[in-house]
Amino acid sequence: MAKNSLTYLCSNCSHSSVKWLGCCPVCKEWNSFIEEKPAATPLLGPKKSFGRPCAIETLILRPLHEIEFSEQSRMLCGMPEWDNVLGGGIMKGSLLALTGDPGIGKSTLLLHVAHKLAEHHTVFYFSSEESLEQVKLRAMRIDSMSSNLLFSDRANIESIILTAQEKKPDIIIIDSIQNCFFSETQSFPGTIGQLRETSFALMRLAKEYNIAVIITCHITKEGHMAGPKTLEHMVDGVFYLQGEDRWHTRILRSVKNRFGPLNELGFFSMTTKGLEEVPHINQYLLNETTTAPGAVLVSCLEGSRPLLLEIQALTILSKFGMPQRVVTGLDQKRVVLIAAILEKYLHIKFSSHDIFVKVSGGLKLTESSSDLAIALALLSSYFQQALPEKSMALAEISLTGALKPINALETQLKEAQKFGIKTIFVAEGQKTNTSGVIKFSSVYQLLGLFADTPPTD
Ligand code: TYD
Ligand code: MG
């Protein structure tokens, strides 16, 4: 094999191999090897400076109380849906990555944020994916033209870093990191080697010059942030922008944040004039609920935020030997398990019924606190009897059919009561100060909610 031929790099752990491998021998990840052209000069050659030139010297160590810190270290943009997800604004000197499907609205969101931040801070926006005319068109569309906000469409990372080092802005935005490149390396922009180098250089810039750096990052077809795993480790925060097409809703989710809470959500709506915040998401979600057989409300805590969702179930006598279980927004195995518990203890023949369950709003429910709501939705559909208007259920169900209390109930009850939800079913053992909740100790008692009529199907 020629000396300068291709090498293959594992996109998960950056292990290199001269031939393509199905499974990485180091991290055991499957299908992670990507072709990589060799660099003309060594990747971390002496010519390349990633930050201040560093002399080798004896270091001076300091106790933490000598380190200055003020709330000024956070830069708020005035959009609560963005600021809260970041843990109270952008931390100075942090390196943050925003990722999401193509066309979901990353550039639009960052343009809104940059426009707001530019009122009080110096912001440089490097648009390596789009020309300045295209950016201007978007800025005009979303009414985000500002003379304080400065743009460039250059993608050379050395020039970007040099400009930032000399002009010392508070924030730089790079849209996207996949299009940036080091002039000295031969490999294509977006390849693992380039991404590793550019993100390392940006990390040094952020820490040494106290400049907040926000990068947008492409997503893989599996839905993960594209690039080497080291990129995720290196950045201080990873934020996903996800979408629900029916409402044009965009959800900003923190999946890593060194300076704020995890899984915090921010809600936006894509309109003809860009992304608008949706501060009252529960009102939005509850507007869509119905009082019909099979519908039950449930609440889940996403970060610090209680969300009120509706679980909808449909059970129908199966026409085939193998009944169907079609579940969206919930773990299918959990629905099957709850159906089995109800069949065992209440003698309801779910095993001869097709079961369809979904969660409203396209959101996913992973918490076991929704067990009781799933059970009630199934029973309500089976008996074709609606529960009282705006009924909510919050309890876990054990394999023995006993109902178990859940965590952080009070926060969720408070939010539910704000929206006039009065019928709330919880477990007998649940300690709560809220009056009016209805307690059950086991699934046997659930039958009492339905008149004893056989199902219509
Ligand atoms: P964009 O921010 O370019 O997405 P990304 O950077 O994640 O690729 O958003 C592009 C989409 O958003 C495109 O489908 C059009 C839509 N859009 C609107 O609906 N309204 C608007 O005001 C803007 C600017 C975009
Ligand atoms: Mg974009």
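Just so you know, ligand 1 is whichever comes first in the structure, and atom 1 is the first atom listed for that ligand. The basis for the numbers below is simple: all heavy atoms, side chains too, and nothing from hydrogens, waters or symmetry mates.
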- Give a yes or no on whether T108 keeps an N, O or S atom under 2.8 Å from the Mg ion (ligand 2). no

- Item | Heavy-atom nearest neighbour in the protein, as seen from atom 4 (O) of ligand 1, with distance rounded to 0.1 Å | G105 N, 3.1 Å

- Query: Can a non-hydrogen atom of L109 be found less than 4.0 Å from any atom of ligand 1?
  - Reply: no

- ligand 1 to P102 polar contact by distance, N or O atoms, under 3.5 Å: no

- Note on the structure: Min over S107, G103, S269 of heavy-atom distance to atom 6 (O) of ligand 1 lands on S107

- Query: Checking N156 side chain against F182 main chain: does a donor-acceptor pair fall under 3.5 Å?
  - Reply: no

- Item | Region of T216 that comes within reach of ligand 1 [heavy atoms, distance under 4.0 Å] | neither

- Could you tell me which atoms of ligand 1, counted from 1 in the order shown, lie closer than 4.0 angstrom to a heavy atom of D101? 7 (O)

- Is the backbone N or O of G266 less than 3.5 Å from a side-chain atom of W82, with the two atoms forming a donor-acceptor pair by type? no

- Task: Only counting residues at least two apart or in another chain, list the ones meeting salt bridge (Lys or Arg N to Asp or Glu O under 4.0 Å) with E232.
- Result: K229

- Note on the structure: Counting from 1 in the order shown, the ligand 1 atoms closer than 4.0 Å to a non-hydrogen atom of I142 are 22 (O), 24 (C)

- Item | Shortest protein heavy-atom distance from atom 12 (O) of ligand 1, along with the residue and atom involved | M270 CE, 3.3 Å

- Item | Nearest protein heavy atom with distance in Å, relative to atom 25 (C) of ligand 1 | R141 NH1, 3.8 Å

- Item | Donor on one side chain, acceptor on other, E264 and S254, under 3.5 Å | no

- With distance as the sole test, does K116 use its side chain to make a donor-acceptor pair with the main-chain N or O of L111 at under 3.5 Å? no

- Task: Please answer whether the main-chain N or O of G87 pairs with a side-chain N or O of R74 as donor and acceptor at a distance below 3.5 Å.
- Result: yes

- Might you check, step by step, whether the distance between atom 21 (C) of ligand 1 and some protein heavy atom is under 4.0 Å? yes

- Query: Which atoms of ligand 1 have any heavy atom of K273 under 4.0 Å away?
  - Reply: 22 (O)

- Considering R138, K106, H112, which one's heavy-atom position lies nearest to atom 3 (O) of ligand 1? R138

- Query: If you measure from the Lys or Arg side-chain nitrogens to the Asp or Glu carboxylate oxygens, is any gap between R250 and D101 under 4.0 Å?
  - Reply: no

- Close aromatic pair by centroid cut-off 6.0 Å: F350 and Y382: yes

- Taking only heavy atoms of T271, which atoms of ligand 1 are found under 4.0 Å from at least one of them? 18 (C), 19 (O), 20 (N), 21 (C), 22 (O)

- Distance-only, no hydrogens or angles: does the S391 side chain make a donor-acceptor pair with backbone N or O of L387 under 3.5 Å? no

- Query: ligand 1 versus D175, non-hydrogen atoms closer than 4.0 Å: side chain, backbone, both, neither?
  - Reply: neither

- Query: Short N/O distance, under 3.5 Å, between G274 and ligand 1?
  - Reply: yes

- Would you say the side-chain atoms of T291 pair up with the backbone N or O of E389, donor to acceptor, closer than 3.5 Å? no

- Query: F268: what forms a ring-ring contact (aromatic ring centres under 6.0 Å, His included) with it, not counting sequence neighbours?
  - Reply: none

- For atom 9 (O) of ligand 1, grab the closest protein heavy atom and report residue, atom and distance to one decimal in Å. T108 OG1, 3.5 Å

